[in-house]
Amino acid sequence: MREYSIAAIPADGIGPEVIDAGITVLEVLAEQRGDLKLEFSHFDWGSDYYKRNGVMMPADGLERLRKFDAIYFGAVGAVDVPDHVTLWGLRLQICQGFDQYANVRPTKILPGIASPLRDVRAGDLDWVIVRENSEGEYSGAGGRVHRGLPEEVGMDVSVFTRVGVERIIRYAFRLAQSRPRKLLTVVTKSNAQRHGMVMWDEIAEKISHEFPDVTWDKMLVDAMTVRMVLKPQSLDTIVATNLHADVLSDLAGALTGSLGVAPTANIDPERRFPSMFEPIHGSAFDITGKGIANPIATFWTAVQMLSHLGEHEAADQLMRAIERAGEAGILTPDLGGKATTRQVTEAVSDAIRGRNVLMG
């Protein structure tokens, strides 16, 4: 029996709904397998916590999380709390505090889901987007002076360090090397950003020599959006800066049908700290409490979590169950279906147990 301790932080909006669904299927999976034990500890940090305490998480939050094997995170953001407060106060606090510098976002068209792209089906679009997660445009460097005056200035400084760029580019090459196509696209904007992004390009060129079996190319970020839409089959593994990959991965989620199926992993590859796993759809307050939030992204990020923990057979079993539910047409409204969060959760749970997956 292999045991893992998981910190669950549902946080805001639909976060509690999808994390509850994720824990349900993980517990079914552990029970079905019999060789796996997952212990979840719940933390009530988020916007409601902020309204009560003036902070998104307690001062010793990172120390309390440090002992866990992984973090299962819902969504952060509230209509009555500024976005920069919620993001920097919780999610980025954890990502940067634990140096989770590799943000990994798999993207593919799942069975039963229609892409908005014409003549693109399951198997035609199968990418992994690697996002630098510790510096770049989201480094937090900058400030505002002369507030409220006509000469007020606000600056956000993109910070690129050699060590930061080298480690994410090398991580992306290794990931590409592990995939069947061994193909990597490095996203840049060095025609306009002539310092940090030129360094990014130079480092990519240098590190490419360490991976002679990986075919790689370079793409300006604006041209990349066109390629993603018109030639999705030409892409496989993608690496980009914090901001560029953030935008591109949302586009990728839309191209596969919905952000409701888009997972992400915030990884510390050196395993000094726990890594964090979350769906990327956000808090979605427009559907909070309606019981129709899509839990598939949360299930898929659980697949990433299991793989990171070394439980590859369990991860594959959960992924197959997700795909069976899609094949059966059990889809939430964001995907054009009528299923509820509970019905999708029950369908995936039944698939894990080897039962027939039926709607209603």
| message | Looking at every heavy atom in both G97 and L62, which two are closest together, and how far apart are they? | response | CA-CD1, 3.8 Å
| message | Treating T215 as the side-chain partner and L183 as the backbone partner, does any N or O pair qualify as donor plus acceptor under 3.5 Å? | response | no
| What's the spacing between R131 CZ and I129 CD1 if we round to 0.5 Å? | 10.5 Å
| field | Lys/Arg-Asp/Glu bridge criterion (N-O < 4.0 Å) met for K206, E202 | value | no
| Looking only at heavy atoms, which two atoms of I71 and L65 are closest? And how far apart? | CD1-CD1, 4.1 Å
| field | Heavy-atom neighbours of Y50 OH exceed 12 at 6.0 Å | value | no
| R194 atom CZ: more than 12 heavy-atom contacts under 6.0 Å | no
| query | Can you hop from W127 to I322 via hydrophobic side chains spaced under 4.5 Å? | reply | no
| field | Test ring-ring contact (aromatic ring centres under 6.0 Å, His included) applied to F43 and F73, step by step | value | CA-CA 10 Å; F43 295 86; F73 190 88; over 10 Å; no
| Are Y72 and F277 an aromatic pair by the rule of ring centers under 6.0 Å? | no
| message | With a 4.5 Å cut-off on side-chain heavy atoms, are V130 and I238 touching? | response | no
| task | Look only at the side chain of W200 and the backbone of V187, and say whether a donor-acceptor pair between them is shorter than 3.5 Å. | result | yes
| request: Determine, stepwise, if the pair D20 / R342 fulfils side-chain contact (heavy atoms from CB on, under 4.5 Å). | output: CA-CA 10 Å; D20 182 65; R342 181 177 178 180; over 6 Å; no
| request: Run the salt-bridge test on R320 and E323 with the 4.0 Å N-O cut-off and return the result as yes or no. | output: no
| note | d(E17 CD, T340 OG1) to nearest 0.5 Å is 10.5 Å
| said: Under a 3.5 Å cutoff, is there a donor and acceptor pairing between the side chains of D246 and Y138? | reply: yes
| Nearest 0.5 Å, what's the NE2-CG distance between H84 and L92? | 12.0 Å
| query | Any chance the side chains of S134 and Q96 put a donor and an acceptor closer than 3.5 Å? | reply | no
| request: Return the minimal non-hydrogen interatomic distance between V159 and E135, and the atom names on each side. | output: O-CB, 3.4 Å
| query | Stepwise, does the side chain to side chain donor-acceptor pair (under 3.5 Å) test hold for T241 with E137? | reply | CA-CA 8 Å; T241 71; E137 302 87 352; 3.0 Å; yes
| task | For D156 and G142, indicate whether the former's side chain and the latter's backbone hold a donor-acceptor pair under 3.5 Å. | result | no
| query | Any salt bridge between D126 and R179, counting N to O under 4.0 Å? | reply | yes
| task | Under the side-chain contact (heavy atoms from CB on, under 4.5 Å) rule, what do V247 and L243 come out as? Steps first, then yes or no, please. | result | CA-CA 6 Å; V247 175; L243 175 61; 4.3 Å; yes
| message | If you apply the rule salt bridge (charged side-chain N to carboxylate O under 4.0 Å, His left out), what do you find for R66 with E63, and how did you get there? | response | CA-CA 5 Å; R66 189 184 298 265; E63 193 58 37; 3.4 Å; yes
| request: Say whether, by atom type as modelled, one donor and one acceptor occur between the side chain of R227 and the main chain of S234 under 3.5 angstrom. | output: yes
| field | Given L125, L255, L117, the one that forms side-chain contact (heavy atoms from CB on, under 4.5 Å) with M228 | value | L255
| With a 4.0 Å cut-off, would you call R167 and D99 a salt bridge? | yes
| remark: Output for pair (L259 CG, L251 CG), nearest 0.5 Å, gives 10.0 Å
| request: Output, in order, the C-alpha distance, side-chain angles, deciding distance and verdict of side-chain contact (heavy atoms from CB on, under 4.5 Å) for T345 and V25. | output: CA-CA 7 Å; T345 303; V25 300; 3.8 Å; yes
| Residue list, side-chain hydrogen bond (donor to acceptor under 3.5 Å, both in side chains) with R353, at least two apart or on another chain | none
| task | Grab the two heavy atoms, one from R144 and one from G154, that are nearest each other, plus how far apart they are. | result | CG-CA, 3.8 Å
| said: Do I14 and W45 land in one hydrophobic cluster if side-chain heavy atoms of ILVMFWY residues count as linked below 4.5 Å? | reply: no
| remark: Nearest heavy-atom contact between E205 and S208 is O-OG, 2.6 Å
| So, N103 versus E132: side-chain donor-acceptor pair below 3.5 Å or not? | no
| request: Would you confirm whether T107, through its side chain, and V128, through its main-chain N or O, come within 3.5 Å as a donor-acceptor pair? | output: no
| message | According to a hydrophobic-cluster definition based on side-chain heavy atoms being under 4.5 Å apart (Ile, Leu, Val, Met, Phe, Trp, Tyr only), do M199 and V186 belong together? | response | yes
| task | For the pair K51 and D80, evaluate salt bridge (charged side-chain N to carboxylate O under 4.0 Å, His left out) and give the outcome as yes or no after the intermediate values. | result | CA-CA 10 Å; K51 294 169 192 176; D80 52 354; 2.9 Å; yes
| query | Is there a donor-acceptor contact under 3.5 Å linking the side chains of T332 and N294? | reply | yes
| query | What is the distance from atom CD1 of I280 to atom CH2 of W300, rounded to the nearest 0.5 Å? | reply | 10.0 Å
| task | Taking the six-membered ring for Trp and the single ring otherwise, decide whether the centroids of Y4 and F40 are under 6.0 Å apart. | result | no
| task | Decide whether L306 and F68 are clustered together by the hydrophobic rule: side chain heavy atoms of Ile, Leu, Val, Met, Phe, Trp, Tyr closer than 4.5 Å, transitively. | result | no
| P263 and Q304: which non-hydrogen atoms are nearest, and at how many Å? | CB-OE1, 3.5 Å
| E311 side chain to L36 backbone, donor-acceptor under 3.5 Å | no
| task | Output yes when K189 and D201 qualify as a salt bridge under the 4.0 Å nitrogen-oxygen rule, no when they do not. | result | no
| task | Indicate, with yes or no, if I168 and L235 share a hydrophobic cluster defined by side-chain heavy-atom contacts under 4.5 Å among Ile, Leu, Val, Met, Phe, Trp and Tyr. | result | no
| query | Short question: side chain of K182, backbone of Q177 - any donor-acceptor pair under 3.5 Å? | reply | yes
| Donor-acceptor contact present, side-chain T256 to main-chain G253, <3.5 Å | yes
| Is the side chain of T161 donor-acceptor paired with the backbone N or O of G164 at a distance under 3.5 Å, no angle test? | yes
| Any side-chain heavy atom of M305 within less than 4.5 Å of one from E278? | no
| field | Full working for side-chain contact (heavy atoms from CB on, under 4.5 Å) between I207 and E166 | value | CA-CA 8 Å; I207 290 178; E166 283 186 350; 4.1 Å; yes
| said: Ignoring hydrogens and geometry beyond distance, is a side-chain donor-acceptor pair present between Y101 and E270 at under 3.5 Å? | reply: yes
| query | For I9, which of V76, I94, D44 qualifies under side-chain contact (heavy atoms from CB on, under 4.5 Å)? | reply | I94
| Among side-chain atoms of S275 and D268, is any donor-acceptor pair under 3.5 angstrom? | no
| task | Step through the shown structure and confirm whether more than 12 heavy atoms of other residues, nucleotides or ligands are within 6.0 Å of CD on E27. | result | yes
| Whether K290 side chain and D286 backbone form a donor-acceptor pair below 3.5 Å | yes
| Pairwise distance OG1(T264) to CG(N266) - rounded to 0.5 angstrom | 5.0 Å
